[in-house]
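The block underneath contains the structure these notes are about, expressed in structure tokens.
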Number of protein chains: 2
Amino acid sequence: MVETAPSTGSVGGRDRRSARPTIKDVALLAGVSLKTASRVINDEPTVNPELAKKVRRAAKVLDYRPNLIARNLRRADRFTHTIGLVLFDASNQFSSAVQRAVENIANERNIVVISSSVEEDPQREKDATLALAARQVDGLIIVPTGDDQSYLANEQSNGMNIVCVDRSPQLLRTDTVASDNYGGAKEAVRHLIKQGHKKIAFLGDRAHIATMIERRRGFLDALEEAAIEPNPALIVIDLHTAEGINHAVRALFQTDSPTALFTAQNLITLETVRALHQLKLEKLVSLVGFDDFAASDIVDPPVSVIAQDPAEMGRRAAMMLFERIDGRVGPAETVTIPVKLIIRGSGELPISEGELTARLTELRKA
Amino acid sequence: MVETAPSTGSVGGRDRRSARPTIKDVALLAGVSLKTASRVINDEPTVNPELAKKVRRAAKVLDYRPNLIARNLRRADRFTHTIGLVLFDASNQFSSAVQRAVENIANERNIVVISSSVEEDPQREKDATLALAARQVDGLIIVPTGDDQSYLANEQSNGMNIVCVDRSPQLLRTDTVASDNYGGAKEAVRHLIKQGHKKIAFLGDRAHIATMIERRRGFLDALEEAAIEPNPALIVIDLHTAEGINHAVRALFQTDSPTALFTAQNLITLETVRALHQLKLEKLVSLVGFDDFAASDIVDPPVSVIAQDPAEMGRRAAMMLFERIDGRVGPAETVTIPVKLIIRGSGELPISEGELTARLTELRKA
DNA sequence: CCCCCCAGATACAACGTTGTCTGAAAATTA
DNA sequence: TAATTTTCAGACAACGTTGTATCTGGGGGG
């Protein structure tokens with residue numbers, strides 16, 4: 001599977017000393033002082049056009065590009081024109097939509113985004129975040145993973161601008177952009193109750209994550225509103241692997257048998273639908289998920305969801321961050337982005353107790 | 001939607017001069033020279049343990065963290081322990097799987113990944129890539145967007161290590177990790193031909209992208225093998241927006257009517273299935289897509305695909321890059337990652353000319 | 001007792017760049 | 001024409017750090 005390319009010069013093995021030209025080389029070639037070359041590179045007007053032309057030609061010949069590391073070290077304003085983005089998981093659709101939105105806003109301002117994906121590991125979150133800070137980013141956008149962001153307190157008091165997205169930071173106060181998690185969850189469950197469901201299960205991620213707490217609260221309040229006693233056996237948390245979710249769904253139908261499910265996160269929704277397919281229950285058990293995903297409308301049956309707007313969240317977070325970088329002072333703010341119930345079918349299946357019971361008996365026999 | 005947090009100190013508005021402590025502050029507090037403090041920070045053994053302890057305590061008190069920008073500037077080896085990753089679109093599942101794999105490998109080596117998403121814009125690709133190079137990254141992993149990467153020639157000859165993923169670079173020779181695009185496409189189309197299809201359409205992305213060229217070649221060769229004359233009207237390229245794809249699919253069935261489709265990219269597959277649903281053709285027209293996507297197995301009908309292995313591609317790319325950074329010299333290599341036909345249903349629909357014709361007539365009337 | 005050596009600390013230069021200050025020549029004014 | 005201002009190039013320091021050279025003092029050997 002490895003083939004070497006036909007005869008060409010070797011690549012790799014950088015001789016790190018002989019590398020890139022510096023402004024000194026440019027000045028030398030142009031026959032001016034180093035500072036004059038610097039002036040030309042930075043478009044300062046106080047240079048004789050003749051000389052400027054010579055410098056520019058030299059820079060072009062050498063393919064000179066300023067070393068931004070050196071520049072950032074020296075520049076008075078101390079802006080590196082770089083922001084850091086910490087994601088809980090780059091391959092989650094929610095994350096990558098946020099990333100894309102942030103990059104688009106940053107791009108308009110010629111700001112580079114340094115992103116780190118921490119795979120839901122709080123230690124990695126901390127390491128990555130501090131590594132970004134040590135690189136002197138102008139600000140941080142974080143989708144928190146762990147339940148303690150206090151390691152940022154010093155950075156913040158040193159003036160680092162921080163915006164959290166999706167999940168509020170814990171033990172730290174920062175600008176935050178979040179969805180209406182409570183309201184959305186409540187709406188989802190109300191919707192299921194309106195369809196006639198009474199045995200509704202909650203499938204959620206790690207219990208300490210702020211969004212999960214809110215979504216579960218919404219779930220419980222919707223039940224209470226309808227005077228439905230919550231059944232603890234129908235509340236499953238700590239789901240974050242495909243296997244775990246599959247197992248949990250099967251377990252649910254082995255013993256208790258909900259007639260509807262509320263899945264509190266996009267990956268959980270996806271895996272739950274997959275499990276329902278395997279159990280041939282997808283047409284018999286209703287489901288509403290929190291957070292939309294790419295193919296939700298062409299799944300069988302199409303999945304009803306509480307849709308978040310990750311692009312808007314990323315956009316707002318980036319804008320809040322840039323305002324702070326531009327000098328806005330004031331107390332930390334929280335922006336809540338509304339969510340929307342999208343009805344597609346999975347949450348509005350006709351209820352037929354008979355068929356469901358039949359299928360479940362069949363399953364339990366097997 | 002904006003609420004201010006209850007009484008706390010303000011955030012933002014960094015006083016950029018009074019910011020973070022430097023090693024000078026640490027040395028001062030510890031009562032030693034700057035260089036001694038530096039030695040302690042860098043775990044050099046030639047320091048009296050007494051003093052070392054004092055320095056460490058001072059560093060802790062001040063919450064000192066080295067300024068990596070300054071360090072990188074000075075350090076002899078010139079490694080910044082940072083690599084750049086340029087993606088064609090962060091929100092594409094393929095891209096984000098690559099990103100995740102690269103970050104995982106990099107993380108093991110304590111390397112930070114700076115990534116840029118360029119939204120399939122060649123100019124942005126160039127800008128972003130050079131911006132990363134100017135930040136002195138130790139290497140670059142690029143999923144090329146444009147049809148000319150020669151702007152990197154100087155960087156490369158200055159010793160920058162570059163690995164391309166998915167799409168080969170054009171007008172430049174670098175290490176490359178790619179799928180077996182030709183073989184995969186051929187296999188997909190052979191599979192459709194084996195099911196009895198003769199009128200097979202090709203739906204592809206921008207024509208200049210290396211992968212598209214290969215996949216189209218595979219498509220055409222499979223037809224030729226079976227002595228099927230390709231019909232130019234069934235070859236649609238330059239698809240890259242949801243609307244465009246929807247429109248193209250509708251157009252296909254207005255005039256010519258393929259009985260099967262080969263969609264050459266994941267986004268195209270998704271939108272094509274969506275369009276088929278709208279036209280109520282999803283059970284009548286067969287489809288095989290190139291590149292898998294998250295919900296492909298629970299879509300109605302489940303989508304048969306040629307699955308790539310983006311995680312493996314990212315992993316291999318990162319490993320090749322690190323080998324180069326570690327000093328491996330030699331000609332540029334190309335690694336081909338095998339692909340796999342996954343049969344799920346959409347490519348194996350029973351052919352019923354009658355029903356299809358009926359539905360099409362109905363459609364054209366409307 | 002002197003010299004040397006070594007451990008271990010400090011002083012100074014350097015990385016590539018930009019901020020500040022100085023100086024020289026040109027341009028303007030009196 | 002002399003005095004003064006303006007223009008603009010260059011010298012030098014500095015950013016925060018590490019590499020190298022130098023210094024200091026204490027211990028051991030002659």
Side-chain angles (χ1 to χ4, degrees), chain A residues 16-56 58-59 62-81 133-138 158, chain B residues 16-55 58-59 62-82 133-138 158:
Chain A
R16 298 197 146 255
R17 310 292 336 184
S18 77
R20 325 171 59 117
T22 74
I23 199 166
K24 215 165 154 183
D25 302 317
V26 174
L28 207 68
L29 180 60
V32 299
S33 81
L34 186 157
K35 179 70 222 204
T36 302
S38 168
R39 289 210 176 87
V40 176
I41 301 298
N42 289 287
D43 285 321
E44 287 175 39
T46 65
V47 180
N48 184 318
E50 284 291 288
L51 287 190
K53 210 158 123 190
K54 272 205 276 187
V55 170
R56 267 189 267 273
L62 296 175
D63 193 37
Y64 168 75
R65 271 187 301 275
N67 179 331
L68 293 192
I69 289 201
R71 171 178 286 177
N72 288 335
L73 183 60
R74 184 61 182 111
R75 280 263 173 100
D77 57 20
R78 323 249 61 198
F79 285 116
T80 56
H81 300 280
R135 278 179 174 70
Q136 319 295 117
V137 295
D138 298 333
N158 282 340
Chain B
R16 297 196 147 258
R17 311 290 338 183
S18 77
R20 324 170 58 116
T22 73
I23 199 166
K24 215 166 153 180
D25 303 317
V26 174
L28 207 67
L29 181 60
V32 299
S33 81
L34 187 157
K35 180 67 219 205
T36 301
S38 168
R39 288 214 176 84
V40 176
I41 301 297
N42 289 287
D43 284 322
E44 287 176 40
T46 65
V47 181
N48 184 318
E50 285 290 289
L51 287 189
K53 210 157 127 191
K54 272 205 276 187
V55 171
L62 296 175
D63 194 37
Y64 167 76
R65 271 187 301 274
N67 179 330
L68 293 191
I69 289 200
R71 171 179 285 177
N72 289 335
L73 183 60
R74 183 59 183 118
R75 278 265 172 99
D77 57 19
R78 322 249 64 197
F79 286 116
T80 56
H81 300 280
T82 306
R135 279 177 173 71
Q136 318 296 115
V137 295
D138 298 333
N158 282 340

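Below, each value reflects all heavy atoms present in this structure, side chains not excepted, and no hydrogens, waters or symmetry copies. Throughout, protein chains are lettered first and strands after them, A, B, ... in sequence-line order, and every chain is numbered starting at 1.
- Within a heavy-atom distance below 4.0 Å of DNA chain D, the residues of residues 45-53 of chain A found are T46(A), V47(A), N48(A), L51(A).
- The CG-C1' distance, from N72(B) to dC15(C), rounds to 11 Å in whole Å.
- With sequence neighbours excluded, no residue forms a side chain to side chain contact (heavy atoms under 4.5 Å, CB included) with K53(B).
- In this structure, I23(A) and P66(A) have side chains that are not in contact, with every pair of non-hydrogen atoms separated by 4.5 Å or more.
- Note: NZ (K24(B)) to P (dT10(C)) measures 15 Å, nearest angstrom.
- In this structure, D25(A) CG and Y64(A) OH are separated by 9.5 Å, a value rounded to the nearest 0.5 Å.
- Side chains of V26(B) and P21(B) form no contact here, defined as non-hydrogen atoms less than 4.5 Å apart.
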Inset, instruction - Step by step, work out the side chain to side chain donor-acceptor pair (under 3.5 Å) result for N72(B) and T80(B). - result: CA-CA 6 Å; N72(B) 289 335; T80(B) 56; 5.1 Å; no

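- Atom CZ of R78(A) is separated from atom P of dC15(D) by 9 Å (rounded to the nearest Å).
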Throw together a table of side-chain donor-acceptor distances under 3.5 angstrom for residues 27-40 of chain A, partners on residues two or more places apart or in other chains.
from	atom 1	to	atom 2	distance (Å)
S33(A)	OG	K35(A)	N	3.4
S33(A)	OG	T36(A)	N	3.3
S33(A)	OG	T36(A)	OG1	3.1

Dump the pairs, protein N or O against N or O of nucleotides 18-24 of chain D, anything under 3.5 Å, distances to one decimal.
from	atom 1	to	atom 2	distance (Å)
dT18(D)	OP1	N42(B)	OD1	3.1
dT18(D)	OP1	N42(B)	ND2	2.8
dT18(D)	OP1	R71(B)	NE	3.0
dT18(D)	OP1	R71(B)	NH2	3.1
dT18(D)	OP2	S38(B)	OG	2.7
dT18(D)	OP2	N42(B)	ND2	3.2
dT18(D)	O2	R74(B)	NE	2.7
dT18(D)	O2	R74(B)	NH2	3.2
dG19(D)	O4'	R74(B)	NH2	3.4
dG19(D)	N7	K35(B)	NZ	2.6

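- With sequence neighbours excluded, the residues satisfying side chain to side chain donor-acceptor pair (under 3.5 Å) with T82(B) are R135(A).
- For the helix from dC1(C)-dG30(D) to dA30(C)-dT1(D), the terminal axes (five pairs an end, C1' atoms, rotation from four pairs onto the next four) enclose an angle of 60°, given to 10 degrees.
- Between the P atom of dT17(D) and the CG atom of L68(B) lies a distance of 9 Å, rounded to the nearest Å.
- Looking at which nucleotide of DNA chain C each of L73(B) and S33(B) is closest to, the 5′-most match is held by S33(B).
- Annotation: side chain to side chain contact (heavy atoms under 4.5 Å, CB included) contacts of A134(A) (sequence neighbours excluded): L68(B).
- Atom CG of N67(A) is separated from atom P of dC15(D) by 18 Å (rounded to the nearest Å).
- A donor-acceptor pair under 3.5 Å is formed between the side chain of D138(A) and the backbone N or O of H81(A).
- By the side chain to side chain contact (heavy atoms under 4.5 Å, CB included) test, R65(B) pairs with L130(A), E155(A), R20(B), D63(B), sequence neighbours left out.
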